[in-house]
Amino acid sequence: MSPVVEAFVEGVIKAAIALGFLLNSFAIMTIMERKVVGRMQQRYGPNRVGPFGLLQPLADGVKLLMKEQIIPARVNVPIYIVAPTISVMVSLMAFAVIPVAPAFTAGPYRVGWWISNPNIGILYLFAVASLGVYGIVLGSWSSGNKYSLLGGLRSTAQIISYELAFGLSIVSAILLAGSLNLPEVVKVQSHLPWFILIQPLGFAIFAIGGIAETNRAPFDLPEAEQELIAGYHTEYSGFRFALYFMAEYINMVTISALATTLFLGGWLPINFGWFPGWLQWLDNFLLWVPGVLWFLAKVSFFLFAYMWLRATLPRIRYDRLMWFGWKVLLPLAVLNVLITALYVSLQ
Amino acid sequence: MLKEYVYVLILFVLAAGLTFTLLGLTFILGPRRPTAQKLAPYESGMRDIEPPSRRFPIKFYVVAMLFLLFDIEAISFFPWAVVLRRLHFFGFMEIFVFVMVLLVGYVYAWQKGALDWH
């Protein structure tokens, strides 16, 4: 085969695997969230469909597919239909540069565990993820409903406010790594400590910003049920609603994967290096576990934390949200970048 | 290097295909029985009075403008962050001056109440 065909086949296979992974993780997360939040509220969560309710996502998916396609009377039809598609496409595209495990050699080929590995990987991810706000704004604006419009406006203001601190917390990790290429960032963490240890403040800002970017509790003001019904997707039902839902969950996966890559050493195993002799087997075992599993375990931990926070924290008030984003998080993020820069420049 | 973006393009095509297939499926499978009530905007059971006005608080514009200013700042941090190791202390002083200039604007915006939300 010519190199062009080879690259094409490689791209198609990788993209198909990534899409399958993202859609399945979306399905698993819907049931996981209901189970986790249910248990935290002293109830069972779904347990009727299949063993332990595990087939619930399948039932939900089929149900949503069979639902009526309602186009409300007052909507702007083309935009109303396109908006959730934008949201979901953007969330699927953002995952492209996430390195899941180190590149491996298969026969004559060198294959990376990522779809694409541009030298500006993180900039690509940041840029694509910012486009997600279009899906929300267009959907809310075209719905012709005041709750949607308010939800959309709130969402935009929130996402753009927290994007600043979020971006700057990424800069502090980039400063330490000295590269915008995500596999490179992970490799640096194999000889430095994981960046969460050198950048605890940066990680905290990243985590808060990431939660606000994905509109999750306690920053789920765009969909504050008590005030705004469902915010920007009030007028959406059936599968178009499912697309918004899908976008939100896939964004959570991407943010968790990015947090893992930037701050938790991606596919690298936990390696203390100071085990006493009789615990050597544990060290060996940790090193033996493949990188993919490490990556998935770390991402799952973040996803669990998302659900944990949702079950624990109340939603914050809107003026407090803006106050926190602009007057606390942004100065802290700039300060963190300056301190990190001072440290790096003096080396 | 361009090859990497071809992979992104392939992912884009597959993702679009998937999304539109699902939308097409639901278009075929779902029933269509519209009634006037069903198509009315959702107003928590109240009768709908008028379309929402397209006017909204000026605060949102101010936030958007401030975002543009500070986001351009944040973007100029990225290339600097990559090469800082080679610029040494000079690189730090440069960004320090840059941030100080920005700080003046930030303090001005704060004092003018642009960051307050009522």
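We name chains A, B, ... by the order of the sequence lines, and we start the count at 1 in each one. Nothing here was measured: the structure is a model prediction, and the numbers come from that model.
The shortest heavy-atom contact between B:R33 and A:E68 is N-OE2, 2.9 Å. Across every non-hydrogen atom of A:P118 and B:Y5, the tightest pair is CB-OH, 3.3 Å. Annotation for B:V8 and A:A96: closest pair CG2-CB, 4.4 Å, computed over non-hydrogen atoms. Between B:A81 and A:V171 the shortest heavy-atom distance is CB-CG1, 4.0 Å.
Distance alone, capped at 3.5 Å, places no donor-acceptor pair between the A:Q69 side chain and the B:R32 backbone. When atom types are taken as modelled, the side chain of A:S345 and the backbone of B:F89 share no donor-acceptor pair closer than 3.5 angstrom.
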Inset, instruction - Walk me through it: do B:F96 and A:L342 pass the test side chain to side chain contact (heavy atoms under 4.5 Å, CB included)? - result: CA-CA 9 Å; B:F96 188 73; A:L342 185 61; over 6 Å; no

Inset, instruction - Begin from the C-alpha positions of B:F92 and A:Y343 and carry the test side chain to side chain contact (heavy atoms under 4.5 Å, CB included) through to its verdict. - result: CA-CA 9 Å; B:F92 172 74; A:Y343 167 76; over 6 Å; no

Legend entry - Test side chain to side chain contact (heavy atoms under 4.5 Å, CB included) applied to B:L66 and A:W326, step by step: CA-CA 10 Å; B:L66 287 174; A:W326 283 98; 3.6 Å; yes

Inset, instruction - Just do the side chain to side chain contact (heavy atoms under 4.5 Å, CB included) check on A:L19 and B:L11 with the steps written out, would you? - result: CA-CA 8 Å; A:L19 289 179; B:L11 177 69; 4.1 Å; yes

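Interface remark: A:L346 contributes side-chain atoms only to the contact with chain B (heavy atom separation under 4.5 Å). When heavy atoms are compared at a cutoff of 4.5 Å, A:M66 approaches chain B by way of both its backbone and its side chain. Only the backbone of A:K67 comes within less than 4.5 Å of a heavy atom of chain B; no side-chain atom from C-beta onward does. If you measure heavy-atom distances from A:V88 to chain B, the contacts under 4.5 Å come from the side chain alone. With a threshold of 4.5 angstrom between heavy atoms, A:L22 does not approach chain B through any atom at all. Residue contact with chain B, scored on non-hydrogen atoms closer than 4.5 Å, involves the backbone of A:A177 exclusively. Interface remark: A:V12 contributes backbone and side-chain atoms alike to the contact with chain B (heavy atom separation under 4.5 Å). The contact between A:L64 and chain B is made entirely by backbone atoms, counting heavy-atom distances below 4.5 Å.
Within the model, atoms CZ of B:F77 and CD1 of A:I170 stand 13.5 Å from one another, a figure rounded to the nearest 0.5 Å. Distance check: A:S161 OG to B:F67 CZ gives 8.5 Å after rounding to the nearest 0.5 Å. Taking OH of B:Y61 as the reference point, atom CG of A:L153 lies at 9.0 Å (rounded to 0.5 Å). Taken from CD in B:E4 to CH2 in A:W114, the straight-line distance is 9.0 Å, to the nearest 0.5 Å. Here the CD atom belonging to A:E10 is positioned 3.5 Å from the OH atom belonging to B:Y7, to the nearest 0.5 angstrom. Rounded to the nearest 0.5 angstrom, A:I174 CD1 and B:W80 CH2 are separated by 11.5 Å.
Within a 6.0 Å sphere centred on CZ of B:F27, other residues, nucleotides and ligands contribute 12 heavy atoms or fewer. More than 12 heavy atoms of other residues, nucleotides or ligands shown are found within 6.0 angstrom of CZ on A:F241. In A:K63, the NZ atom is not crowded: 12 or fewer heavy atoms of neighbouring residues, nucleotides or ligands sit closer than 6.0 Å.
A heavy-atom distance below 4.5 Å is not found between the side chains of B:F60 and A:T156. Using a 4.5 Å cut-off on side-chain heavy atoms (C-beta onward), A:L330 and B:Y106 make contact. Taking 4.5 Å as the limit, every side-chain heavy atom of A:F8 sits out of range of all side-chain heavy atoms of B:V6. Between B:L84 and A:L175 the shortest side-chain heavy-atom distance falls below 4.5 Å. No side-chain heavy atom of B:L25 sits under 4.5 Å from any side-chain heavy atom of A:F239.
Contacts with chain B were tallied for A:G178, A:S179, A:S148, A:S130; A:G178 has the most, counting heavy-atom pairs under 4.5 Å. Considering only heavy-atom pairs separated by less than 4.5 Å from chain B, the leading option among A:L65, A:L176, A:L23 is A:L65. Between chain A and the options B:L29, B:L87, B:I10, B:L9, heavy-atom pairs under 4.5 Å are most frequent for B:I10.
Of residues 13-23 of chain B, those residues with a non-hydrogen atom less than 4.5 Å from any non-hydrogen atom of chain A are, in numerical order, B:L14, B:A15, B:A16, B:L18, B:T19, B:F20, B:L22, B:L23.
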